[in-house]
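Not measured: the values here are computed from a predicted model. Hydrogens, waters and symmetry mates are skipped; everything else that's a heavy atom, side chains included, is used. All chains are named by letter (A, B, ...) in the order of the sequence lines, taking the proteins before the strands, and each is independently numbered beginning at 1.
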Amino acid sequence: MTLRLHDTATRETRDFVPLVEGRAGIYVCGLTVQSEPHVGHVRSAVNFDVLRRWLSATGHEVDFIRNVTDIDDKILTKSAEQGVHWYALAAAMKRELDKALSAINVLPPTYEPGATGHVPEIVELTEQLIAAGHAYAAEDGSGDVYFDVRSWPAYGELTRQKVDDMEPAGDADPRGKRDPRDFALWKGQKVGTEPDTAAWPSPWGRGRPGWHIECSAMAGKYLGPAFDIHGGGVDLRFPHHENEQAQSRAAGRPFASYWLHNAWITTAGEKMSKSLGNSLLVPEVLKRVRGQELRYYMVAAHYRSHVEFSFDALDDAAKAFQRIEDFLDRAAPVVGDWFASMPDAFVAAMDDDLGTPAAVAVIHDSVREGNRLLAAGPSDALSQKFGEVIAMLDVLGLNPADDAWAAAGGAGDKLTEVVDALVTGLLAERTAAREAKDWARADAIRDQIKNAGLDVEDTPAGPRWSIEAGTV
RNA sequence: GGUGGGUUGGCCGAGAGGCGAGGCAACGGACUGCAAAUCCGUCUACACGGGUUCAAAUCCCGUACCCACCUCCA
């Protein structure tokens, strides 16, 4: 069985054949750190984290590069509005992003390069493009350098568009462009309006990188002229990815073999950046559900499907995940030896363009079977189901035993011990009442615990408490 | 104007010619002192109109509505 991926460049789902057997080089466009991350932003990170984990799980050594755009127009505009240094804003937002991603167990990339640290590589690539006749310094003295779209016949190949059919950029400043579709590789500093700290020396005067060039330069530096997979959100296909590919290929670099694009999480049918919604910032959402549950919500939908975000659906996802967790909690004390193994159906689902919805369905199948077996006490079959569930959750980054969750939980563990001590005392009283068939007393104790926000279940191994669903 | 995606049961959300994904909710049954949890079962859906086919949610044609991108974007 081999992994098949949907390549948006060819619009085909085809076998993944890495350039070097057993290795995979992945470049993912990360965020522009200009504001706090919302759930839409982190979906992309989760989707590509799953890809990375699956490649690792199937024996690939993965080089995973995810950039962070730490200088651009928006960062400059917003920082000016807020009266802070642009680099202070970028650094603060980067910390917020890191916090949000670790809360949902997104593994850190192999390396996370930023545009500001790669100006020499960007200048070098720009010079190559000028030498090759595909870029030119603006003749208006602005210090800008543009990619010459008309000089590259393949321009538009990624998104199947013809230059002549494209809507001319109405609001774009033509400045020194030969064609309105030409895009900036280098932006000359606007002295007086842009801070000196946001300008670097170059053969064309002081300035800063254009948006697209950084990814071409950094992908080339860390993954080489040709690499396996390039990922990002659908909105990046054009212009960002189209331009990245044009630049790179015009400079003689074959670039990515496969292009993967994740779909949106929308609210009210619209992309999140268009709706206001502070409530959708990751820290806000994590007040309602845990990181595991938010991640499950994202993984339960296919990466290429639009997800219409709703708190009701999020709550449903949290319950579904708790069902899986509950099985592990109840089975753990009785399973004995077990080993991790993935059912064929799960492997087949993941190999089919990362079919996480079907993969999650397989987890639920194993959980149901495991629950059935659990009623009969320990057995090899139960241990096997337990190992299956753990293995599958691991691949999806959802293993409840993963240290990542404990780190995100903070001081919760100590509190749990305290609650456990208190509740255990009450439950002992209730057990005594039940043995005396004093049902009124037993139920009163259970109600008291329930009113505090905890559920009580009677199991063959005795009473068990848990935090009521939805109140975590 | 160009390019791409979508519309599935009470809800979320898969599937891509036959064989009921899965979850949540609801209802019935088993279990329970009563519950909870769990298991078993029920609810048989594919925007609309045509067509192809032995067979269509799936393929084709048309229609409606929605969304994204066309140089700020996950």
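Between A/Lys187 and A/Glu194 there is no salt bridge, since none of the side-chain N atoms of the basic residue sits less than 4.0 Å from a carboxylate O of the acidic one.
For A/Phe227, the ring-ring contact (aromatic ring centres under 6.0 Å, His included) partners are A/Phe255, not counting sequence neighbours.
Regarding A/Ile324, its CD1 atom lies at a distance of 16 Å from the P atom of B/A37, rounded to whole Å.
Put simply, the side chain of A/Asp443 and the base of B/G33 share a donor and an acceptor less than 3.5 Å apart. Between the side chain of A/Arg237 and the base of B/G4, no donor-acceptor pair of N or O atoms lies under 3.5 Å. In terms of polar N and O atoms assigned as donor or acceptor, the side chain of A/Arg446 comes within less than 3.5 Å of the base of B/A35 in a complementary pairing. No N or O donor and acceptor, one from the side chain of A/Lys319 and one from the base of B/C24, sit under 3.5 Å apart.
Using a 4.0 Å heavy-atom distance criterion, A/Ala313 is classed as a sugar-phosphate-only contact. Nucleic acid contact for A/Ala375: none, since no nucleic acid atom lies under 4.0 Å from a heavy atom of the residue. A/Gly232 comes within 4.0 angstrom of the backbone, heavy atoms only, and of no base.
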Read 5' to 3' with Watson-Crick or G-U pairs under 3.5 Å, [ ] for crossing pairs and | for partners on another strand, RNA chain B gives (((((((..(((.....[...))).(((((.......)))))....(((((..]....))))))))))))....
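At a threshold of 4.5 Å between non-hydrogen side-chain atoms, the residues A/Glu214 and A/His118 do not count as touching. In this structure, A/Lys385 and A/Leu374 have side chains that are not in contact, with every pair of non-hydrogen atoms separated by 4.5 Å or more.
For the C1' atoms, the distance from B/C48 to B/A35 is 48 Å, rounded to whole Å.
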